[in-house]
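Following: one structure in structure tokens, then a few remarks.
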Amino acid sequence: MFVTLDTEKCIGCGVCVQIAPEVFSLDEERGVAKVIRQEGNAAVEQAVKSCPVSCIAVE
């Protein structure tokens with residue numbers, strides 16, 4: 001499982017960080033989420049479903 005996040009679409013709501021903090025964090029300077037560990041886990045699937053702008057992809 002390889003996780004990517006489209007920072008152009010991200011609105012910085014932080015849901016992904018709350019669900020999978022070992023994979024995502026908030027970039028305070030840009031005000032958007034970022035992937036800190038591209039190897040996903042079971043929580044990432046929930047983060048994908050919960051993202052209001054569908055900017056998380058898993059391959």
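In this text, all values refer to a predicted model and were calculated from it rather than measured experimentally.
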With Asp27 via side chain to side chain donor-acceptor pair (under 3.5 Å) - residues at least two apart: none

Partner set under salt bridge (charged side-chain N to carboxylate O under 4.0 Å, His left out) for Arg37, not counting sequence neighbours: Glu39

Separation of Gln38 CD from Phe2 CZ (nearest 0.5 Å): 3.5 Å

For Glu22, all residues meeting side chain to side chain donor-acceptor pair (under 3.5 Å), sequence neighbours excluded: Asn41

Contacts of Lys49 that satisfy side-chain contact (heavy atoms from CB on, under 4.5 Å) - sequence neighbours left out: none

Interatomic distance, Lys34 atom NZ to Cys10 atom SG [nearest 0.5 angstrom]: 12.0 Å

Hydrophobic cluster (4.5 angstrom, side-chain heavy atoms) - remaining members for Ile19: Val15

ILVMFWY cluster membership beyond Val53 - transitive side-chain contacts under 4.5 angstrom: Ile11

Other ILVMFWY residues reachable from Ile56 by side-chain steps of under 4.5 Å: Met1, Val3, Leu5, Val17, Val23, Phe24, Leu26, Val35, Val44, Val48, Val58

Contacts of type side chain to side chain donor-acceptor pair (under 3.5 Å), residue Ser25, not counting sequence neighbours: none

Listed partners of Gln46 passing side chain to side chain donor-acceptor pair (under 3.5 Å), at least two apart: Ser50

